[in-house]
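Reminder, nothing fancy here: chain letters follow the sequence lines and each chain counts from 1. Bear in mind the structure is a predicted one, so any value in this text is a computation, not a measurement.
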Number of protein chains: 2
Amino acid sequence: MATSAAQKRAHAKTEYDAFLAGCPSRQLLERISDKWVALVLAALGGDDAGGAARHGGSQRRSMRYSELSRRLAGVSQKMLTQTLRSLERDGLIIRTVTPTVPVTVTYELTDLGMSLQHVMYGVKDWAEAHMGAVLANRTHYDTVHS
Amino acid sequence: MATSAAQKRAHAKTEYDAFLAGCPSRQLLERISDKWVALVLAALGGDDAGGAARHGGSQRRSMRYSELSRRLAGVSQKMLTQTLRSLERDGLIIRTVTPTVPVTVTYELTDLGMSLQHVMYGVKDWAEAHMGAVLANRTHYDTVHS
DNA sequence: CAGGATCCCGCTAGATACTG
DNA sequence: CAGTATCTAGCGGGATCCTG
């Protein structure tokens, strides 16, 4: 249609649309749709191993590089560093360097990071909660589809 | 902070831990942490283009292959088909073939799929909502870090 | 300790062509 | 219309070595 006026009005709130290939939000969606992002945020969001003290998991927690590295089993330094840099650049986490004898670096969620952690935690939690159902569905699917 | 008994009970549900490299939930997290998954679920979850009729977005919507292909701008048939197969195998969507003259295939969310759509919508929505802030942070970061 | 820099392999995503 | 099949380029991501 010629009049883009109507479209603009509808766009008011939805300035960005991830369904559109060229939209920046599409790239952002791609970035945050990453297992390492989910796990880093979950770790900094206070998602403890035992599953305790979570649910909304609102207390943010400062962690050192080596702590994160240990927590995210199997992550390479490259991916961890790369993920941390990306998150820092996007303003989701803050990197603090303390010039102790061997230098100490800690990472912490920003408020913006906390807001994302909230939704990303849901994804990680979903995966853990529905793993059994998914596994069953896969077996069924593989059985049916010879 | 009381007895660990309470924790253990809460633990009962947390049979899987995505922080562990070998855990199946780690792979599942990796699968669903995908932009195409997010977009397919959002589309089938009734996330309309104009931004209308959403929020909790609870009405599921049946869509044809070509509809999805058009909706997810820029997706290749390979990626779309691959994503749809994966989601079907995991029991998140249902594929229905109607033997009309040119065959008609429709996709629809299952209840399990709806539950994931709920959390994934949050991710897509976050990306669109905080795009501006992230963009500003990036500019700032790039400015500071010569 | 917390990375930076390289090398390099593998797999994935994209393009293209073909089919029921 | 709704895919399947094939080929290939590109880069994601791991391994390794080095540094402040």
My understanding is that only residues two or more places apart in sequence, or in another chain, count here; which of them pass side chain to side chain donor-acceptor pair (under 3.5 Å) with [X]?
X: Thr100(A); answer: Thr104(A)
X: Arg95(B); answer: Tyr107(B)
X: Thr139(A); answer: none
X: Arg89(A); answer: Asp142(B)

Length of the [atom1]-[atom2] vector between [X] and [N], whole Å:
X: Tyr107(A); N: dC1(C); atom1: OH; atom2: P; result: 14 Å
X: Leu68(B); N: dA2(D); atom1: CG; atom2: C1'; result: 12 Å
X: Arg31(A); N: dG13(D); atom1: CZ; atom2: P; result: 12 Å

Using the test side chain to side chain contact (heavy atoms under 4.5 Å, CB included), find all partners of [X] that sit at least two apart in sequence or belong to another chain.
X: Ala18(A); value: Ser25(A), Leu29(A), Leu39(B), Lys124(B), Glu128(B)
X: Glu108(A); value: Arg60(A), Ser62(A)
X: Gln27(B); value: none

Item to check | Global bending angle along the helix from dC1(C)-dG20(D) to dT19(C)-dA2(D), which compares the axes of five pairs at either end, to 10 degrees | outcome: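 It works out to 50° between the end axes.
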Checklist entry - OP1 or OP2 of dC1(C) sitting under 4.0 Å from any side-chain N/O of Arg64(A)? => result no
Next on the checklist: Under 4.0 Å from OP1 or OP2 of dG3(C): is there any side-chain N or O of Thr81(A) that close?
Outcome noted: no
Checklist entry - Hey, can you pull the residues of residues 92-105 of chain B with a non-hydrogen atom under 4.0 angstrom from DNA chain D? => result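 Correct list: Arg95(B), Pro102(B), Val103(B), Val105(B).
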Please tabulate the protein-to-nucleotide N/O contacts below 3.5 Å involving nucleotides 10-16 of chain C, giving atom names and distances.
residue: dA13(C); atom: OP2; partner: Gln82(B); partner atom: NE2; Å: 3.4
residue: dA13(C); atom: N7; partner: Lys78(B); partner atom: NZ; Å: 2.7
residue: dA13(C); atom: N6; partner: Lys78(B); partner atom: NZ; Å: 3.4
residue: dG14(C); atom: O6; partner: Lys78(B); partner atom: NZ; Å: 2.7

Checklist entry - Residues two or more places apart in sequence or in another chain: which of them pass ring-ring contact (aromatic ring centres under 6.0 Å, His included) with Trp126(A)? => result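 Applying ring-ring contact (aromatic ring centres under 6.0 Å, His included) to Trp126(A) gives His130(A).
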Checklist entry - Which pairs with one or both residues in residues 21-30 of chain B pass salt bridge (charged side-chain N to carboxylate O under 4.0 Å, His left out), sequence neighbours excluded? => result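 Pairs touching residues 21-30 of chain B that pass the test: Lys35(A)-Glu30(B).
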